[in-house]
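Worth knowing before you read on, the calculation uses all heavy atoms, side chains too, and leaves out hydrogens, waters and symmetry mates. Chain naming here is simple, since letters A, B, ... match the order of the sequence lines and numbering starts at 1 in each.
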Protein chains: 2
Amino acid sequence: MTRPGEAAWLRRYDPQAFPPFAVTVDLAILTVRDGSLQALLVRRDEHPFRGWWALPGGHLHHGAESADAAARRELVEETGIDSTAEGLHLEQLATYSDPQRDPRIGAGLQVVSIGYVALAPGLPEPVAGTDAAEAAWWPVDALTESLAFDHARILVDAVERVRAKVEYSTVATSFLTEPFSLTELREVYRAVWGVAPDPANFRRKVLATAGFVRPAELVGSPTTVGGRPPELYRRGDAVLITPPLARPATGPAAPGP
Amino acid sequence: MTRPGEAAWLRRYDPQAFPPFAVTVDLAILTVRDGSLQALLVRRDEHPFRGWWALPGGHLHHGAESADAAARRELVEETGIDSTAEGLHLEQLATYSDPQRDPRIGAGLQVVSIGYVALAPGLPEPVAGTDAAEAAWWPVDALTESLAFDHARILVDAVERVRAKVEYSTVATSFLTEPFSLTELREVYRAVWGVAPDPANFRRKVLATAGFVRPAELVGSPTTVGGRPPELYRRGDAVLITPPLARPATGPAAPGP
DNA sequence: ACAAAAGTGTTAATAGTACACCCATGA
DNA sequence: TCATGGGTGTACTATTAACACTTTTGT
């Protein structure tokens, strides 16, 4: 494309003409462990909010990467999760830009953060990141307070996004390692929603949705302690579920007023 | 909240330690005019992309406003639309941060843009903004190319968001001025989807969804040229449609592979 | 044989689709 | 009274929710 006069204009352009913004990414990394939805938090060892629990994240590398790339990089750095690992789902959530969200506004720096949601299969104990900061899985129902910056808000938005998204998409499979049983998949829904779908109807819905799952070749090792061993499946190609899986009426995940 | 040592730390903080980012908002302002979905574009009279058609937008006022506030401000400045006007719907879409998306990266400035979607009732001819730049409504089907920056991509994302969102939410009413008939509402769906729902079933679905619309008190002026005058409605309180309105199978809006 | 977990059947209710038909109005 | 668009009825089909029931395994 030709843009007349732009090359000359660019040579005279002064990037200092704009006051400084900093751009960060923050990741709500979610998994299902022990039957509950949990988020990975790290304890900050730098100001601001030194000593507080926070979402993993960091600054964009200026001129070198997009927010997507930065999110992938942070995911690896902070958790050791390979960004191409099986089942991993990473998507942009929203951008948080309130001037008061970061105290560094007091020093003249406005920090804008691009929030991401990552879904990963249940992992063992958290791997401390390269920053050697403390890291731990926290059940999301146990906290909506006391996080650094506006991270509590970001986390709530992330959880709400996931609760809605498993209704009309197949992302729930991202929480499982292949191969998996339909009961395990149903347990994911129980953890995310706080209430489990009917086993029979759930099975029919999943199997009737082309591309939700596909049968695994070999019958799995009989790791179950007793009872009939389950048929095993792998993730399919489909992304959307139409019509959506209906969330059961009332559950402990949505306490009344 | 107490954050020990942070006040002293902040006094010594150097905001110049980070390379400069600029943060902008870009608005996909959509309306339904002449039976088609149209977007408001402005012709840029400044570098970069001088003379190109672009989405309305601009820089965040540093230290003074969030992206939401900036989007509302730009909406007023560029279009004269009051951000509290009836029916107006404004929501964040996504954030675009590829280093190459803005040529000013060549001068050392990385520009990150937060995209917004605005839905507004059909408006008369576009009001030139305070920048006196040329402005016009363009049918969205007529262009996915030749826009400044990555605005074609943002616009495509915005249209896709709206096409999906009218299925499970009541935002379609944002395209209409009150009071409106159900036929007018159905015409919105035709414009957005490219295919119209069945009139009878559409009527039943809308009226069966509590809070989608509510009856208007007075019967409207008989502006129709002939035929039975329609019953008129206003927007209701509901936001979500469960289960969703199904988009008819095949239509010109979704060409096959 | 029994317990436990997986998987299947059945039925009533609900919701959606397609299309025919009736109603109210202006010219 | 006729053309025009608004609004209703209806038969048929597909989907869902709820729950009872059968199958397969380990001990």
Side-chain angles (χ1 to χ4, degrees), chain A residues 35 166-168 176 179-191 193 195-210 212-216 218-234 238 240-251, chain B residues 35 166-168 176 179-191 193 195-210 212-216 218-234 238 240-251:
Chain A
V166 294
E167 292 187 28
Y168 63 87
L176 297 172
F180 52 83
S181 70
L182 293 188
T183 299
E184 287 172 313
L185 183 56
R186 182 167 161 265
E187 287 305 314
V188 169
Y189 278 87
R190 185 209 299 280
W193 284 344
V195 53
D198 178 277
N201 301 330
F202 179 77
R203 159 179 308 275
R204 266 187 291 260
K205 179 76 177 184
V206 171
L207 296 181
T209 302
F212 196 158
V213 297
R214 59 182 216 276
L218 44 91
V219 167
S221 50
T223 51
T224 51
V225 289
R228 175 172 174 174
E231 293 170 12
L232 297 176
Y233 298 88
R234 299 180 182 278
L240 294 179
I241 306 173
T242 46
L245 256 153
R247 187 175 346 189
T250 53
Chain B
V166 294
E167 292 187 28
Y168 62 87
L176 298 171
F180 51 84
S181 69
L182 293 188
T183 299
E184 288 172 312
L185 183 56
R186 182 167 162 265
E187 288 304 314
V188 169
Y189 278 87
R190 184 207 300 279
W193 283 344
V195 53
D198 180 278
N201 301 331
F202 179 77
R203 160 180 307 277
R204 265 187 292 261
K205 179 75 177 183
V206 170
L207 296 181
T209 302
F212 196 158
V213 298
R214 58 183 216 276
L218 43 91
V219 168
S221 49
T223 50
T224 52
V225 288
R228 175 172 172 175
E231 292 169 13
L232 297 176
Y233 298 87
R234 299 179 181 279
L240 295 179
I241 305 174
T242 47
L245 256 153
R247 190 182 334 196
T250 54

- Message: How many whole angstroms separate atom CD of B:Glu167 from atom P of C:dG16?
- Response: 13 Å

- Item | Side-chain donor or acceptor of A:Arg190 paired with backbone N/O of A:Gly35 under 3.5 Å | no

- Message: As a test of reading the structure: which of D:dT25, D:dG7, C:dG7 is closest to the side chain of A:Pro230, going by heavy atoms?
- Response: C:dG7

- Query: Whole-Å distance between C:dA15 P and B:Leu207 CG?
  - Reply: 15 Å

- Residues at least two apart in sequence or cross-chain that pass side chain to side chain donor-acceptor pair (under 3.5 Å) with A:Arg204, listed by chain then number, are A:Asn201

- Note on the structure: Rounded to whole Å, OH of B:Tyr233 lies from P of D:dG6 at a distance of 12 Å

- Once you round it to whole Å, what is the distance between P of C:dA6 and CG of A:Leu185? 13 Å

- If the plane angle is over 60° it's perpendicular, under 30° parallel, otherwise tilted; pick one for A:Phe202 and A:Tyr189. perpendicular

- Item | Interatomic distance, B:Leu182 CG vs D:dG5 C1' [rounded to whole Å] | 13 Å

- A:Arg203 side chain near C:dG7 phosphate (N/O to OP1/OP2, under 4.0 Å): yes

- Message: Any non-hydrogen side-chain atom of B:Tyr168 less than 4.5 Å from a side-chain atom of B:Leu240?
- Response: yes

- Output row for DNA chain D, stems defined as at least 3 consecutive Watson-Crick or G-U pairs under 3.5 Å, is C:1-27 with D:1-27

Under 3.5 Å, which protein N or O atoms sit close to an N or O of nucleotides 9-11 of chain C? Give each pair with its distance.
residue: C:dG9; atom: N7; partner: A:Arg204; partner atom: NH1; Å: 3.3
residue: C:dG9; atom: O6; partner: A:Arg204; partner atom: NH2; Å: 3.1

- Message: Please classify the nucleic acid contact of B:Ser181 as base, sugar-phosphate, or nothing, using heavy-atom distances under 4.0 Å.
- Response: nothing

- Query: Whole-Å distance between C:dA5 C1' and A:Arg228 CZ?
  - Reply: 9 Å

- Item | A:Leu182 to A:Tyr233 - nearest heavy-atom pair and separation | CG-CE1, 3.6 Å

- Relative to the 5' end of DNA chain D, which residue comes earlier, B:Glu231 or A:Pro244, by the nucleotide with the nearest heavy atom? B:Glu231

- Item | Candidate pair B:Glu167 and B:Trp193, rule side-chain contact (heavy atoms from CB on, under 4.5 Å), full reasoning | CA-CA 10 Å; B:Glu167 292 187 28; B:Trp193 283 344; 3.4 Å; yes

- Message: Can you measure A:Lys205 atom NZ to C:dT8 atom P for me and round it to whole angstrom units?
- Response: 18 Å

- C:dA15 C1' sits how many Å from B:Ile241 CD1, rounded? 15 Å

- Query: Are the side chains of B:Pro199 and B:Arg186 in touch, meaning some heavy atoms are under 4.5 Å apart?
  - Reply: yes

- Within a strict 4.5 Å, meaning less than it, do heavy atoms of the A:Val213 and A:Leu207 side chains meet? yes

- Answer with base, sugar-phosphate or nothing: what part of the nucleic acid does A:Pro243 contact at a heavy-atom distance below 4.0 Å? sugar-phosphate

- Task: Using a 4.5 Å cut-off on heavy atoms from C-beta on, say whether the side chain of B:Lys205 contacts that of B:Pro243.
- Result: yes

